[in-house]
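Notes follow the structure.
Since the model is a prediction, treat every value here as computed from it, not as a measurement. Index from 1, following the sequence. Computed over heavy atoms, backbone and side chain alike; hydrogens, waters and symmetry mates excluded.
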Amino acid sequence: MTLLRAERVFKNYGANEVLKGVDLEVTAGQVVCLLGPSGSGKSTFLRCINHLERIRSGRIWIDGELIGYRQAGDKLYELDENAISRQRAEVGMVFQDFNLFAHYTAAENVMAGPVLVRGEDRRRARDQAVGLLTRVGLADKLDAYPRQLSGGQQQRVAIARALAMRPKLMLFDEPTSALDPELVGEVLEVMRALADDGQTMIVVTHEVGFAREVADLVAFLDQGVILELGPPAEVLANPANPRTQAFLSKVL
């Protein structure tokens, strides 16, 4: 079953055209890694998926629902904020800089979405938070504040927080890029476990080893275009596009 479909997605900032007709289909349960140089449009595309950025043209569907807009005839009309928030609640997003609430404990950060957005009972949300923080290896950090946690621990709280909304799709925007090298592995291990559990994921990353091991598909973006898309064994081991070859020769 196709969970995400992006069709001819264009995005610009003034005269700077960042996405130039991106097409992508992601099946439920797949892990897709987006690789490419800085400025290639990877993170922008991720933000367009949950309408944090408005696209200039094209369409994005999640589970058959058009994201950010309703269509009447040939015209698109942007949804109101309540409808957009409802759609975003179905998509978990993990940023490179954690974005935790500094005045909330780890458990309270994980509880925030279910309680404030979905209106769930606090006791139920607390039980779920305990389970999720245990799942990411932080059972002993329930009452710790972000300032008391390492970068890797904060990112694992952020992953648990996203999972608390029971998302159909998880988006990771370079989740290890802000971490010290010795902390990268603990975050990637949690992401591997999510993949093993069948969580649908799109991951912007420079961790080529992770992409080779975990991804079902690897997409190489450059200058706003997907130049190559396929299984890791093809794209990483035997890239067909000269630009992909040049990029991988510098990062492998």
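- Tyr145 approaches His103 most closely through the heavy-atom pair CE2-O, 3.5 Å.
- The hydrophobic clustering, which links ILVMFWY residues whose side-chain heavy atoms are closer than 4.5 Å, places Val91 and Leu79 apart.
- Taking 4.5 Å as the limit, every side-chain heavy atom of Glu108 sits out of range of all side-chain heavy atoms of Phe101.
- Connection of Met201 to Ile159 is established within a shared hydrophobic cluster, with ILVMFWY side chains joined at heavy-atom distances below 4.5 Å, either directly or through further cluster members.
- The neighbour count for Gln223 CD, taken as heavy atoms of other residues, nucleotides or ligands under 6.0 Å away, does not exceed 12.
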Audit row: Glu25, Leu4, side-chain contact (heavy atoms from CB on, under 4.5 Å) steps and yes/no: CA-CA 6 Å; Glu25 281 199 15; Leu4 172 105; over 6 Å; no
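- Residues that satisfy the side chain to side chain donor-acceptor pair (under 3.5 Å) test with Arg212, not counting sequence neighbours, are absent from this structure.
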Worked verdict on Phe95 versus Arg47 for side-chain contact (heavy atoms from CB on, under 4.5 Å): CA-CA 10 Å; Phe95 300 88; Arg47 293 173 64 85; 3.8 Å; yes
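- Within a 6.0 Å sphere centred on CZ of Arg192, heavy atoms belonging to other residues, nucleotides or ligands number more than 12.
- A donor-acceptor pair under 3.5 Å links the side-chain atoms of Asp121 to the main chain of Arg123, judged by distance alone.
- To the nearest 0.5 Å, atom CG of residue Asn241 and atom CD of residue Glu228 are 5.5 Å apart.
- The side-chain heavy atoms of Glu207 and Leu188, taken from C-beta on, include a pair separated by under 4.5 Å.
- Note on Arg59 versus Asp74: no salt bridge recorded, every NZ/NE/NH1/NH2 to OD/OE distance being 4.0 Å or above.
- Atom-to-atom distance recorded for Leu149:CG and Gln155:CD is 12.0 Å, nearest 0.5 angstrom.
- At least one donor-acceptor pair closer than 3.5 Å links the side chain of Asn109 to the backbone N or O of Tyr104.
- Smallest separation of non-hydrogen atoms from Gly29 and Asp216: O-OD2, 4.0 Å.
- One N or O on the side chain of Asp80 and one on the backbone of Ala83 form a donor-acceptor pair closer than 3.5 Å.
- When side chains are defined from C-beta on, Leu3 does not count as touching Val26, because their heavy atoms never get closer than 4.5 Å.
- Looking at heavy atoms from C-beta onward, Leu35 lies in side-chain contact with Thr205 at the 4.5 angstrom threshold.
- Under a hydrophobic-cluster definition in which Ile, Leu, Val, Met, Phe, Trp and Tyr are linked whenever side-chain heavy atoms come within less than 4.5 Å, directly or via other members, Leu221 and Leu46 are assigned to the same cluster.
- Here the CZ atom belonging to Phe45 is positioned 9.5 Å from the CD1 atom belonging to Ile55, to the nearest 0.5 angstrom.
- Proximity of Leu183 to Glu186: side-chain heavy atoms (C-beta onward) are separated by under 4.5 Å at one or more points.
- Cation-pi check for Lys11 over Tyr13 is met; the charged atom lies under 6.0 angstrom from the ring centroid and within 45 degrees of its normal.
- A distance of 13.0 Å separates CZ in Arg135 from CG in Leu138, rounded to the nearest 0.5 Å.
- Between Ile49 and Ile67, every side-chain heavy-atom pair lies at or beyond the 4.5 Å cut-off.
- Distance CG/Leu179 to CG/Asp97: 11.0 Å, rounded to 0.5 Å.
- A donor-acceptor pair under 3.5 Å is formed between the side chain of Arg118 and the backbone N or O of Ala89.
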Candidate pair Val214 and Met191, rule side-chain contact (heavy atoms from CB on, under 4.5 Å), full reasoning: CA-CA 9 Å; Val214 177; Met191 295 170 65; over 6 Å; no
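- Hydrophobic clustering places Val235 together with Leu227 (ILVMFWY residues linked when any side-chain heavy atoms are closer than 4.5 Å, directly or through intermediates).
- Side-chain atoms of Thr200 and Met170, non-hydrogen and from C-beta on, never get closer than 4.5 Å to each other.
- Residues Pro37 and Asp222 come closest through the heavy atom pair CG-OD1, 3.3 Å.
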Could you go through Leu52 and Met93, starting from their C-alpha distance and side-chain angles, then the distance that decides it, and tell me whether this counts as side-chain contact (heavy atoms from CB on, under 4.5 Å)? CA-CA 11 Å; Leu52 288 173; Met93 189 157 186; 3.8 Å; yes
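- Of all the heavy atoms in Cys33 and Ala215, the pair that sits closest is SG-CB, 3.8 Å.
- The aromatic rings of His51 and Tyr69 lie perpendicular to each other, with more than 60° between the two planes, well past the 30° mark.
- With respect to Leu171, the side chain to side chain contact (heavy atoms under 4.5 Å, CB included) criterion is satisfied by exactly one of Val204, Leu34, Ile202: Ile202.
- The closest side-chain heavy-atom distance from Leu217 to Gln30 is below 4.5 Å.
- Between the CD atom in Gln71 and the OH atom in Tyr77 there is a gap of 10.0 Å [rounded to 0.5 Å].
- The minimum heavy-atom distance linking Asn99 with Arg161 is given by the pair O-NH1, 2.9 Å.
- Under the side-chain hydrogen bond (donor to acceptor under 3.5 Å, both in side chains) criterion, the residue pairs touching residues 163-174 are Ser43-Asp173, Asp63-Lys168, Glu120-Arg166, Gln128-Arg166, with sequence neighbours excluded.
- Note on Val22 and Val218: separate hydrophobic clusters, where clusters join Ile, Leu, Val, Met, Phe, Trp and Tyr whose side-chain heavy atoms are under 4.5 Å apart, directly or indirectly.
- Ala144 approaches Gln148 most closely through the heavy-atom pair CA-OE1, 3.4 Å.
- Using a 4.0 Å cut-off between charged nitrogen and carboxylate oxygen, Arg56 and Glu17 count as a salt-bridge pair.
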